[in-house]
2 protein chains.
Amino acid sequence: MSTARGARARARIEVTAAIKEEARRQLAAEGAAKLSLRAVARELGMVSSALYRYFPSRDDLLTALIIDAYDSLGESAEAAHAQVAGAGPRERWIAVCVAARRWALAQPHEYALIYGSPVPGYTAPDTTIPAASRVGLLLVGIVRDAYRGKGVARTPLSPELKAEAQRMAADLAPDLPPEAVAALVAAWAQLFGLIGFELFGQFNRLVEDREPFFRHAVDQLAHGVGLVYPEPTGTPAKGNGTGGP
Amino acid sequence: MSTARGARARARIEVTAAIKEEARRQLAAEGAAKLSLRAVARELGMVSSALYRYFPSRDDLLTALIIDAYDSLGESAEAAHAQVAGAGPRERWIAVCVAARRWALAQPHEYALIYGSPVPGYTAPDTTIPAASRVGLLLVGIVRDAYRGKGVARTPLSPELKAEAQRMAADLAPDLPPEAVAALVAAWAQLFGLIGFELFGQFNRLVEDREPFFRHAVDQLAHGVGLVYPEPTGTPAKGNGTGGP
DNA sequence: TCCAAATCAAGAGCAGTGCTCTCGTTCTTG
DNA sequence: CAAGAACGAGAGCACTGCTCTTGATTTGGA
């Protein structure tokens, strides 16, 4: 209307957002496999071929949704972490893990999109890397803080793993000992193993009351990376009693 | 031909097997999402509608493939376990985990089928439960043997989790303390978190040399369930030095 | 032994999909 | 103001899962 360059550009942004919004709705309702370009276009009152002006293929739409999902998860985790910023590393670790689980339970299909099996012949483009790293970086930060304070995992590594862990540490947290980085990366994967098993029904006739089970498991995970509770005053802290072996 | 009742019955078994075989080939080549009934029928020289006499829907074919995949994985794990039957619980634990990883790397699409995100609106029927439990039961057996021998995880549980863990133990291993059962189930989920992350590309620019990383991680998992190496003679066993804290 | 009933392969057809191409129209920009 | 880019609409292609009907073959009971 008014601004010369703006009319089409703004319309494009709006239509793109509307497509993603409707696609996300269908994703939440039916899952990624039943996400249909034609159905999205139909719901938006446009013809399917018009949609290809905004997303060159169905996979490109999915990629956009994947990035959004990673960002949404990262945001939830970061918000939860910010709320316990003053607490000890173990509480912060648990807060992040619990937030990730909560997010996954609230948006199961989006979780499946990013941490489930990759779609058809789909390989995630590098564009997704920064968004995908947010939760991991949060955990790295917690361990780094803990290392500055008291200590972290020091379980000795085999020689070949030590070399590999040093490479990983160089990319991820040069100030951390490789033993801690190896433990951290493993715990990161294991966290999503716990969430995925619950979400995909593997716990179905096995674990009923899943929240306390999850809390205990990620608390043990934190213990494995060497995170300790703030007060080492004799008996282990009450609530989740997992002081030491 | 000869036996009256056998001609059709045997043909049916053969055709059913041929369908599954071709479907498995397509699954391995392209993934579950691109598995097409029509393509399977075409490859077998029959028309697509004929295939519905053997599998009433695509999901039923997938269910059959899922059960086969669970059984194949369970068989691999059991074979690997049998080869180290005389070893200590920790070695046996690692052998089972390594076999599971190896199987997953060899048949990534079948792994994605059973441990990735469930397909469309698909919920696994109860038929899959026994096949799906095989690896888990193997791990339960190892921990049970270890408990008879020395000891298992005894990390105290919160009251509500204790009740839940007792329920789990009743269904799974009544002779094991609930603390060990909770740790075991968590480790079971975490194992497939490690495998899934490697398989689905989450380790891509992060972990390069994955075999030693995986071995270390599952060794730590075993440690978390309380499994120990056979010889507690002073220094930790060489090879993977992770004796105790 | 014979005949009804069950079983089977084949074909046509329906509704849906991702994607391509073409054709006017509209907006943008030199 | 006119060239050109961007856009929406429509037709069409090749594919999918699945249903229904038709006619042939096998089976099992009278």
Side-chain angles (χ1 to χ4, degrees), chain A residues 1-20 22-23 25-27 29-66 113 118-123, chain B residues 1-20 22-23 25-27 29-66 113 118-123:
Chain A
M1 298 244 183
S2 50
T3 47
R5 187 194 195 93
R8 224 163 202 167
R10 191 167 49 241
R12 184 172 184 86
I13 296 178
E14 281 175 14
V15 174
T16 305
I19 292 173
K20 285 208 289 185
E22 176 59 31
R25 189 194 337 277
Q26 292 193 16
L27 175 66
E30 299 269 25
K34 290 200 174 176
L35 172 65
S36 152
L37 279 184
R38 293 181 106 111
V40 170
R42 201 180 308 133
E43 210 68 24
L44 259 53
M46 56 170 105
V47 83
S48 72
S49 60
L51 209 148
Y52 283 81
R53 304 256 176 215
Y54 300 88
F55 295 93
S57 86
R58 185 180 178 276
D59 277 2
D60 289 271
L61 215 193
L62 275 181
T63 301
L65 293 183
I66 285 175
L113 191 62
V119 277
Y122 180 80
T123 54
Chain B
M1 297 246 183
S2 49
T3 47
R5 189 195 193 92
R8 242 185 184 146
R10 192 167 49 241
R12 183 170 184 87
I13 295 178
E14 281 176 13
V15 174
T16 304
I19 292 173
K20 285 208 290 184
E22 175 59 31
R25 191 198 332 280
Q26 291 193 17
L27 175 66
E30 298 269 26
K34 290 200 174 175
L35 171 65
S36 153
L37 279 185
R38 294 181 105 111
V40 170
R42 201 180 307 133
E43 210 69 23
L44 260 52
M46 57 169 105
V47 83
S48 71
S49 59
L51 209 146
Y52 283 82
R53 302 246 173 222
Y54 300 88
F55 294 94
S57 85
R58 186 179 177 275
D59 278 1
D60 290 271
L61 214 194
L62 275 181
T63 300
L65 294 183
I66 285 176
L113 191 62
V119 277
Y122 180 80
T123 55

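Protein chains get the first letters and strands the later ones, always in sequence-line order, with residue 1 at the start of each. If you're wondering where the values come from, they're calculated on a predicted model, not measured in any experiment. Values below: every heavy atom of this structure, side chains too, minus hydrogens, waters and symmetry copies.
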Pick base, sugar-phosphate or nothing for Y54(A), based on heavy-atom distances below 4.0 Å to the nucleic acid.
sugar-phosphate
Evaluate the side-chain contact (heavy atoms from CB on, under 4.5 Å) criterion for residues R8(A) and R12(A): first the C-alpha distance (whole Å), next the side-chain angles of each, then the deciding distance (0.1 Å), finally the verdict.
CA-CA 6 Å; R8(A) 224 163 202 167; R12(A) 184 172 184 86; over 6 Å; no
State, yes or no, whether a side-chain contact exists between F55(B) and L37(B) at a heavy-atom distance under 4.5 Å.
no
Taking every non-hydrogen atom, the tightest pair across Q26(B) and S36(B)
OE1-N, 3.6 Å
In whole angstroms, how far is the C1' atom of dG10(D) from the CG atom of L51(A)?
15 Å
Could you give the distance from OG1 (T16(B)) to CG (L61(B)), rounded to the nearest 0.5 Å?
9.5 Å
Answer whether the closest heavy-atom distance between the side chains of E14(A) and R10(A) falls below 4.5 Å.
yes
So do the side chains of R58(A) and L35(A) get within less than 4.5 Å of each other, counting heavy atoms only?
yes
Under 4.0 Å from OP1 or OP2 of dC8(C): is there any side-chain N or O of R12(B) that close?
yes
State, with a plain yes or no, whether a side-chain heavy atom of M46(A) is found less than 4.5 Å away from one of V15(A).
yes
To the nearest 0.5 Å, what is the distance between CZ on R38(A) and CG on L51(A)?
11.0 Å
From CZ of F55(B) across to P of dA9(C) the rounded distance in Å is 13 Å
Could you write nucleotides 12-19 of chain D as a row of B, S and -, 5' to 3', where a protein heavy atom under 4.0 Å of any base atom gives B, of only sugar-phosphate atoms gives S, and otherwise -?
B---BBBB
Rounded to whole Å, how long is the line connecting atom CZ of R53(A) with atom P of dT20(C)?
12 Å
In whole Å, I'd like the distance from the CD1 atom of I19(B) to the C1' atom of dA9(C).
12 Å
T63(B) and D60(B): side chain donor to acceptor below 3.5 Å
no
For atom CG of L44(B) and atom P of dC8(C), their distance in whole Å
16 Å
Any donor-acceptor N/O pair under 3.5 Å between dT7(C) base and R8(B) side chain
yes
Which angle, to the nearest 10 degrees, lies between the helix axes at the two ends of the helix from dT1(C)-dA30(D) to dG30(C)-dC1(D), each defined by five pairs?
10°
